[in-house]
Amino acid sequence: MTDLTTLLEVGGPLAALGGGTAYTRAKYPAVYWSAIGGPISTARLLSSYTSVMEACGLTVAPSRLRVLAVKATTRREVRPVPPRRGIIRPTSTGLRIRLRLAPGQEPADVAASAERLRHAWGVHAVYVTTVKPGVVELRLVGYDVLRRVRRPRNTGSGFLKVPVALREDAMPFVRDYRTVPHQLTLGATLSGKSMYLRHLITGLATQPVALVGIDCKRGVELAPFAARLSALATDPDEAAELLPALVKEMEDRYDLIKARQGIAPDTPDEEITSDIWGLPESERPVPVVLFVDEVAELFLTATRKDEERRDEMVTQLIRLAQLGRAAGIYLEVCGQRFGAELGKGATMLRAQLTGRVCHRVNDEASAKMALGDIAPEAVSAACAIAPELPGLAVAGDTSGGWSRIRTPYLSLGDAAEICRESAHLMPDLPALKPFRPAIPARPVETPAPAVLPHPATD
């Protein structure tokens, strides 16, 4: 009886500790990693580094000088040499360590063993990046950071840079319009495409940038941000009038650049430019970002007159995609499907959209439309996105690189409030004034009448 009582007294706290640890790991993985998972993985890495590298085939034969030194000083066996390990740097989501590769090794050898390293050191994933020739960095992620997205503190934001999501390697996914001027975003209904768009708009709303929207769903997606939009078209007829105005604005900017180029022969080379970013800041026009939601609505036609209008709009979109970057005009095209079946010009327009983001889609063909021509191996990853993970997407570009990302939750009310607070940053563009959306007045809440105390009577 005494032994049973002692066992209960000792086992009770241990069971509670184990249950609390399991609960923390499931509900608060970041806390679990910082307190328990990180130290355990660090100990595993330090104790098994040489043996793991040897098992993964990442060791090389030692040099003759090393062999002679070992035989002269000790009698132990001369073992293969692993890559030289740097200092282990813990982070809130994992570990980071740099390796100096041995002669004859390349980063692809380490990347091929990433799955083995993950299991050996008990982490969620291992990613390999090249720092410089002969040096790679291992980024160990301790848990699934895309299950509950937490934006990192250092997001790398800046002018025309919007940290819109979190990558699977715990690094922020930054939408940089100077590097990737145009982008195509695809996704089925309830896939998180609208959430991605909210983060883009709210990130740009606090910057001196003109925001223009084309939302042929009667404006239900972009109308809440009307306070910050310089122009908004809510049907194909309005879009057919807005796109020529943007093309004219682009041509005027090219005239400005051309006039700057035709200056005196003794002008220094650094003052000659081929885009707006080389102009003096006092003369430089503000950038314009055009958001096109449900781009397929611009391609659909019912009559011959609609076909003529469609051809004109597609031609203008292609011109903006081909020539808009130098004029500071950027495209953000969104839709559920986007391929050759939409009609003439669709494939040509898609070829001009450098960045690609594919959320959950309904069929493999839709994923191929977004990623098949730039990263074929990413198509299967896009098709494997589960419906219960809205906001999860596969992002790629024409360089062939791709990664999984997920957008954190942002309510429509919060996004609209950010746009209202940033309304004073809306730049003055005379060409877009006729298309500026009407901003409805916010309803004034009538306070409840005060209840006055009745005088006491006999």
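If you're wondering where the values come from, they're calculated on a predicted model, not measured in any experiment.
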Query raised in the report: Could you walk me through whether L95 and R139 pass the side chain to side chain contact (heavy atoms under 4.5 Å, CB included) check?
Result: CA-CA 6 Å; L95 303 173; R139 185 178 293 114; over 6 Å; no
Requested in this report: Could you go through the side chain to side chain contact (heavy atoms under 4.5 Å, CB included) check for I36 and I40 one step at a time?
Outcome: CA-CA 6 Å; I36 301 176; I40 292 176; 3.6 Å; yes
Query raised in the report: Given K433 and D428, is the salt bridge (Lys or Arg N to Asp or Glu O under 4.0 Å) satisfied, shown in steps?
Result: CA-CA 8 Å; K433 280 187 178 180; D428 183 20; 3.5 Å; yes
Requested in this report: Apply the test side chain to side chain contact (heavy atoms under 4.5 Å, CB included) to residues L186 and L371: give CA-CA distance (whole Å), side-chain angles for both, the deciding distance (0.1 Å), then the verdict.
Outcome: CA-CA 10 Å; L186 294 185; L371 304 169; over 6 Å; no
Requested in this report: Evaluate the side chain to side chain contact (heavy atoms under 4.5 Å, CB included) criterion for residues L243 and L320: first the C-alpha distance (whole Å), next the side-chain angles of each, then the deciding distance (0.1 Å), finally the verdict.
Outcome: CA-CA 9 Å; L243 287 174; L320 290 173; 4.1 Å; yes
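Across all their heavy atoms, D109 and Q105 have their closest contact at OD2-CA, 3.8 Å. Considering every non-hydrogen atom in both L45 and I97, the closest pair reads CD2-CD1, 4.1 Å. In terms of heavy atoms, R406 sits closest to R147 at NH1-O, 3.0 Å. Taking both residues in full, the closest heavy atoms of A165 and P408 are given as CA-CD, 4.2 Å, listed atom of the first, atom of the second, then distance. The shortest non-hydrogen separation linking L317 to L331 is O-CD2, 4.0 Å. Taking both residues in full, the closest heavy atoms of P208 and P287 are given as O-CD, 3.9 Å, listed atom of the first, atom of the second, then distance.
Looking at heavy atoms from C-beta onward, Q183 lies out of side-chain contact with L353 at the 4.5 angstrom threshold. Side-chain contact between M195 and P390: absent, with no pair of heavy atoms (C-beta onward) separated by less than 4.5 Å. Taking 4.5 Å as the limit, some side-chain heavy atom of L222 sits within range of a side-chain heavy atom of I201. Side chains of L46 and R85 form a contact here, defined as non-hydrogen atoms less than 4.5 Å apart. In this structure, the side chains of L232 and V212 stay at 4.5 Å or more apart for every pair of heavy atoms. For the pair V209 and L160, the minimum side-chain heavy-atom distance is below 4.5 Å. No side-chain heavy atom of E388 sits under 4.5 Å from any side-chain heavy atom of R360. Between I374 and W402, every side-chain heavy-atom pair lies at or beyond the 4.5 Å cut-off.
Residues R284 and E281 are not paired through a salt bridge, judged by the lack of any N-O separation under 4.0 Å between the basic side chain and the carboxylate. By the 4.0 Å N-to-carboxylate-O rule, R420 lies close enough to E417 to be salt-bridged with it.
When atom types are taken as modelled, the side chain of E283 and the backbone of L279 share no donor-acceptor pair closer than 3.5 angstrom. Although no hydrogens or angles enter the test, the distance criterion places a donor-acceptor pair under 3.5 Å between the side chain of T202 and the main chain of H199. Between the side chain of H124 and the backbone N or O of L140 there is no donor-acceptor pair closer than 3.5 Å. Using a distance-only test at 3.5 Å, with no hydrogens or angles considered, a donor-acceptor pair links the side chain of S47 to the main chain of R44. Judged by distance alone, the side chain of R175 and the main-chain N or O of V180 form a donor-acceptor pair under 3.5 Å. The closest donor-acceptor contact from the side chain of S366 to the backbone of N362 lies at 3.5 Å or more, if one exists at all. The backbone N or O of V136 lies less than 3.5 Å from no partner atom in the side chain of R98, so there is not a single donor-acceptor pair. A donor-acceptor pair is defined here as one N or O able to donate and one able to accept, closer than 3.5 Å; such a pair exists between the side chain of S411 and the backbone of D414. Proximity of a side-chain donor or acceptor of D311 to a complementary backbone N or O of E308 within less than 3.5 Å is not detected. A side-chain donor-acceptor contact under 3.5 Å links Q207 to the backbone of G158.
By the 6.0 Å contact criterion, CG on L190 is open, its count of non-hydrogen atoms from other residues, nucleotides or ligands being 12 or less. Within a 6.0 Å radius of CD in E364, no more than 12 heavy atoms belonging to other residues, nucleotides or ligands are found. Within a 6.0 Å radius of CZ in R325, other residues, nucleotides and ligands contribute 12 heavy atoms or fewer.
Between F173 and Y196, the ring-plane angle classifies as tilted under the 30° and 60° cut-offs.
Note: E168 CD to L166 CG = 10.0 Å, rounded to the nearest 0.5 Å. Here F435 contributes atom CZ and L246 contributes atom CG; the two are 8.0 Å apart, rounded to the nearest 0.5 Å. Atom CG of residue L432 and atom CG of residue L242 lie 6.5 Å apart, to the nearest 0.5 angstrom. The distance from atom CD1 of I88 to atom OH of Y49, rounded to the nearest 0.5 Å, is 9.5 Å. Of the inter-residue distances, the one linking H359 atom NE2 with S194 atom OG reads 9.0 Å to the nearest 0.5 angstrom. Remark: E241 CD to M313 CE distance equals 11.0 Å, nearest 0.5 Å.
Residues passing the side chain to side chain donor-acceptor pair (under 3.5 Å) test with R89, sequence neighbours excluded: E137. T93 is linked by a side chain to side chain contact (heavy atoms under 4.5 Å, CB included) to T91, Y143, V145, A170, counting only residues two or more places apart in sequence or in another chain. Remark: D237 pairs with R309 by the side chain to side chain donor-acceptor pair (under 3.5 Å) rule, at least two apart or across chains. For Y330, the ring-ring contact (aromatic ring centres under 6.0 Å, His included) criterion is met by Y177, not counting sequence neighbours. Evaluation of the side chain to side chain contact (heavy atoms under 4.5 Å, CB included) rule for Q336 yields T189, K193, E294 as partners, not counting sequence neighbours.
Residue pairs meeting the salt bridge (charged side-chain N to carboxylate O under 4.0 Å, His left out) criterion with at least one partner in residues 216-230, sequence neighbours excluded, are K217-E221, K217-D293, R218-D235.
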